[in-house]
Amino acid sequence: MNYTNTLKIAINALRRNKFRAFLTMLGIIIGVASVIAMLAIGQGSKKSIQDEMSSMGTNMIFIMPGADMRGGVRQSASDMQSLELSDVDAIRERCPAVTAVSPQVSSSSQAVVGNNNWPTSVYGVDNEYLDIRKYSVETGRNFSDREVKTYAKVCLVGQTIVENLFPNGENPIGQSVRVGTIPLKIIGVLAEKGENGMGQDQDDLILAPYTTVQKRMLAITHIQSIFASAASEELNDQAIEQITETLRRTHKLKATDDDDFNVRSQAEMVQMFSSISDMMTMLLGAIAGISLLVGGIGIMNIMYVSVTERTKEIGLRLSVGGRGNDIMMQFLVESILLSVTGGLVGILLGLGASSAVSAFMNWPTVIVPMSVVFAFLVCTVIGVFFGWYPARKAASLNPIDALRYE
Amino acid sequence: MANKIIQVNGLKKDFHVGEITVHALKGIDLEIEEGEFVAIMGTSGSGKSTMLNILGCLDKPTGGIYQLDGISMGDMNKNALAGLRNEKLGFVFQSYNLLPRTTALENVEMPLYYNGRVRAKERRERAEAALEAVGLADRMHHMPNQMSGGQQQRVAIARSLVNDPRVILADEATGNLDTRTSYEIMSLFQDLNDQGKTIIFVTHESDIARFMKRNVVFKDGRIVKEEWVKDRFNAKQLLAELPVDQDVI
């Protein structure tokens with residue numbers, strides 16, 4: 001018997017039970033669609049995190065105090081005072097791969113303008129900070145070196161601050177905002193940056209000279225962290241190496257001592273978040289894969305029932321000259337048709353669902369071509385795998401018994 | 001002398017049921033020539049169904065020789081037997097065995113799907129011709145559940161004819177039908193036989209057997225009586241004599 005005939009017989013057999021065929025396919029359809037949609041959503045969120053973190057500058061490097069043991073007690077990073085302003089100067093002087101560097105000290109306080117107040121964070125930074133963090137000044141100006149040196153009571157504010165403290169649309173430039181007990185004059189407004197990959201509002205901040213925050217607000221001499229820019233993304237590793245070497249020297253660490261600081265690059269963070277979202281994608285994919293498996297078992301169940309129900313038909317086909325192999329192929333092709341058709345519909349549905357999710361829910365989705373190919377292959381394999389046993393059962397029937405079967 | 005289509009010598013068939021061996025056929029000798037119309041009769045358990053299964057190449061004998069159209073089936077494997085069934089034999093069953101939700105035409109086409117040499121167009125033409133031959137030219141696209149029992153059996157007969165078999169094997173083909181329809185079916189079989197078809201008809205009803213030319217009676221796995229039918233029934237004549245009120249089915 002040729003393959004065209006097998007195919008025609010199988011199609012005719014499926015046509016006799018359209019609704020059942022559809023229900024059987026539904027398992028595969030949902031399975032495949034969810035695999036594709038889940039992977040698209042997972043990959044989409046990975047990509048958007050990557051994009052956003054890259055927009056923060058992949059050549060950004062930050063240095064935090066840490067990994068220090070005092071009497072065997074590990075300290076929390078913010079309690080540590082291992083970074084000094086001299087470290088910033090040392091990095092600026094001795095690290096050729098670093099183009100910009102800024103200390104950072106921060107304080108959370110209530111910002112007040114007239115009747116309006118808003119809880120926010122004040123970051124004390126150098127004026128290179130804007131370049132490092134990819135902020136830009138929308139109106140007004142950045143603070144000058146002189147203002148840094150003189151602990152000037154000036155600040156830059158983000159859009160969220162403007163919205164909350166100046167709800168009536170007044171021009172904030174030149175106005176005074178009281179942070180804690182210190183009044184700061186607003187000299188510039190930052191351009192809007194939106195949320196970052198972790199959902200943090202990057203516009204909810206006040207930037208002031210680090211000297212001002214250190215001396216006037218926190219009354220400390222150490223700094224909490226250092227931000228730096230490598231000359232380019234490729235120079236990240238070199239920059240990290242130079243910074244580590246410089247800081248070990250300024251901190252007078254012996255060769256056997258651990259670092260008392262942590263140097264991380266944005267690129268590493270991107271990688272870390274990518275691997276987290278990869279894990280999430282795998283998880284989603286696995287759950288969807290299980291539903292695909294359940295769909296496959298559904299096919300096997302129906303094919304098994306179908307063989308029993310159509311025993312007489314099998315007997316008839318054998319008696320008119322169908323060979324065991326023909327019968328086996330018929331049932332195998334039926335199950336492959338169910339799974340492959342289901343797979344194709346599922347792929348379309350999955351693609352549709354992905355674009356619907358990105359259109360209506362504003363979730364970023366990225367169709368993974370491999371997931372489409374993979375889903376299709378899995379469907380074919382499911383068709384063969386779960387069709388095999390029922391088909392074997394059908395083929396092994398004795399024609400006499402099959403004809404007599406009631 | 002006519003061709004010997006079926007030649008059976010010392011045919012034996014044993015079944016093993018647990019420890020017990022059942023001798024279903026205990027040495028059968030039978031010859032059927034081309035163009036014969038033979039009834040195989042007997043009560044249940046007489047071995048007539050076993051005989052039909054072997055004649056139909058659905059089962060292999062335990063001993064003895066069976067030659068169909070000059071081909072000995074003793075050393076054939078399952079696939080070769082299937083090929084033999086496809087080319088040489090046509091089956092008609094008591095319960096029609098039509099595929100549900102499948103048109104008459106497609107039902108009749110079905111055996112030809114297993115013959116790789118027959119192309120789609122020829123398959124369609126032969127099926128149409130077979131349906132015309134059984135008088136169902138106007139029912140080709142009807143489903144089995146839209147047809148009466150007699151019509152369904154005609155479709156089954158058309159299906160058995162479609163591969164132009166050497167022998168038609170009918171197993172209680174009138175068993176599910178009322179008298180009038182039985183006569184109609186027998187009339188069809190008689191016509192086919194008149195056209196030269198060899199027909200073997202298994203039945204336990206002696207009045208149905210009287211439509212055939214020869215009766216072979218089985219009992220306990222042996223042939224106990226073999227006779228030529230003297231007053232052979234003519235189905236058309238009997239149909240004409242049936243009271244009119246039997247028309248209402």
Side-chain angles (χ1 to χ4, degrees), chain A residues 1-22 302 305-334 337 391-406, chain B residues 13 15 24 49-50 52-54 56-60 77-103 105-120 123-124 143-145 156 159-163 165 169 171:
Chain A
M1 186 161 77
N2 58 41
Y3 295 110
T4 334
N5 284 358
T6 313
L7 193 65
K8 276 185 196 160
I9 289 173
I11 289 172
N12 286 341
L14 289 178
R15 266 200 346 220
R16 297 213 305 264
N17 275 305
K18 287 197 196 77
F19 189 61
R20 187 163 77 182
F22 169 72
I302 286 297
V305 169
S306 177
V307 168
T308 310
E309 187 194 81
R310 285 153 65 192
T311 301
K312 266 205 141 165
E313 176 190 329
I314 294 165
L316 174 71
R317 289 183 183 278
L318 289 169
S319 75
V320 301
R323 290 168 300 160
N325 216 19
D326 298 331
I327 304 298
M328 167 133 179
M329 283 308 289
Q330 176 189 339
F331 280 87
L332 209 52
V333 168
E334 276 183 41
L337 273 178
R392 273 281 302 278
K393 183 175 180 252
S396 64
L397 284 174
N398 176 340
I400 303 165
D401 296 339
L403 278 169
R404 296 263 156 77
Y405 185 85
E406 290 302 333
Chain B
K13 180 69 186 178
F15 292 108
S49 291
T50 309
L52 185 81
N53 289 338
I54 292 172
C57 299
L58 293 169
D59 207 353
K60 288 174 114 178
N77 65 19
K78 273 174 123 180
N79 285 348
L81 287 177
L84 207 60
R85 291 197 292 269
N86 188 247
E87 284 179 26
K88 307 257 183 215
L89 298 170
F91 287 90
V92 181
F93 305 97
Q94 177 173 4
S95 51
Y96 329 132
N97 281 2
L98 299 181
L99 298 179
R101 293 182 286 280
T102 306
T103 64
L105 193 61
E106 284 170 336
N107 261 296
V108 175
E109 277 184 324
M110 197 266 281
L112 297 180
Y113 276 105
Y114 296 101
N115 185 341
R117 288 190 294 277
V118 179
R119 305 210 156 258
R123 185 166 62 221
R124 176 58 48 111
M143 303 287 178
N145 60 356
R159 184 180 62 199
S160 77
L161 288 172
V162 77
N163 57 345
L169 294 164
D171 187 6

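Just the heavy atoms: all of them, side chains too, but no hydrogens, waters or symmetry mates, feed the values below. Residue numbers begin at 1 in each chain, while the letters A, B, ... track the order of the sequences.
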Modelled atom types, side-chain donor and acceptor of N12(A) and R101(B), under 3.5 Å: no

Spatial distance of atom CG (L89(B)) from atom OG (S319(A)) [nearest 0.5 Å]: 9.5 Å

Side chain to side chain, R323(A) and N77(B), heavy atoms closer than 4.5 Å: no

Derivation of the side chain to side chain contact (heavy atoms under 4.5 Å, CB included) call for D59(B) and N398(A): CA-CA 9 Å; D59(B) 207 353; N398(A) 176 340; 5.9 Å; no

Heavy-atom neighbours of R20(A) CZ exceed 12 at 6.0 Å: yes

Side chain / backbone / both / neither for N53(B) at chain A, heavy atoms under 4.5 Å: side chain

Top contributor to chain B interface from G322(A), G324(A), P399(A) [non-hydrogen pairs under 4.5 Å]: G322(A)

Gap separating the CG atom of N5(A) from the CZ atom of R119(B), nearest 0.5 angstrom: 9.5 Å

Toward chain A, the part of R123(B) with a non-hydrogen atom under 4.5 Å: side chain

Choice from P100(B), S49(B), G83(B) maximising heavy atom contacts with chain A below 4.5 Å: P100(B)

SB check E106(B) R15(A) (cutoff 4.0 Å): yes

Pair V320(A)-R85(B), side chain to side chain contact (heavy atoms under 4.5 Å, CB included): steps then yes or no: CA-CA 6 Å; V320(A) 301; R85(B) 291 197 292 269; over 6 Å; no

Test side chain to side chain contact (heavy atoms under 4.5 Å, CB included) applied to Y114(B) and I9(A), step by step: CA-CA 10 Å; Y114(B) 296 101; I9(A) 289 173; 3.7 Å; yes

Side chain / backbone / both / neither for D171(B) at chain A, heavy atoms under 4.5 Å: side chain

Atom pair CZ/CG of F91(B) and L403(A) - distance to nearest 0.5 Å: 8.0 Å

Chain B contact residues among residues 308-318 of chain A, heavy-atom distance under 4.5 Å: K312(A), E313(A), L316(A), R317(A), L318(A)

Straight-line distance of I400(A) CD1 to L58(B) CG, nearest 0.5 Å: 5.5 Å

Residue part contacting chain A, namely of S95(B), when any heavy atom lies under 4.5 Å: side chain

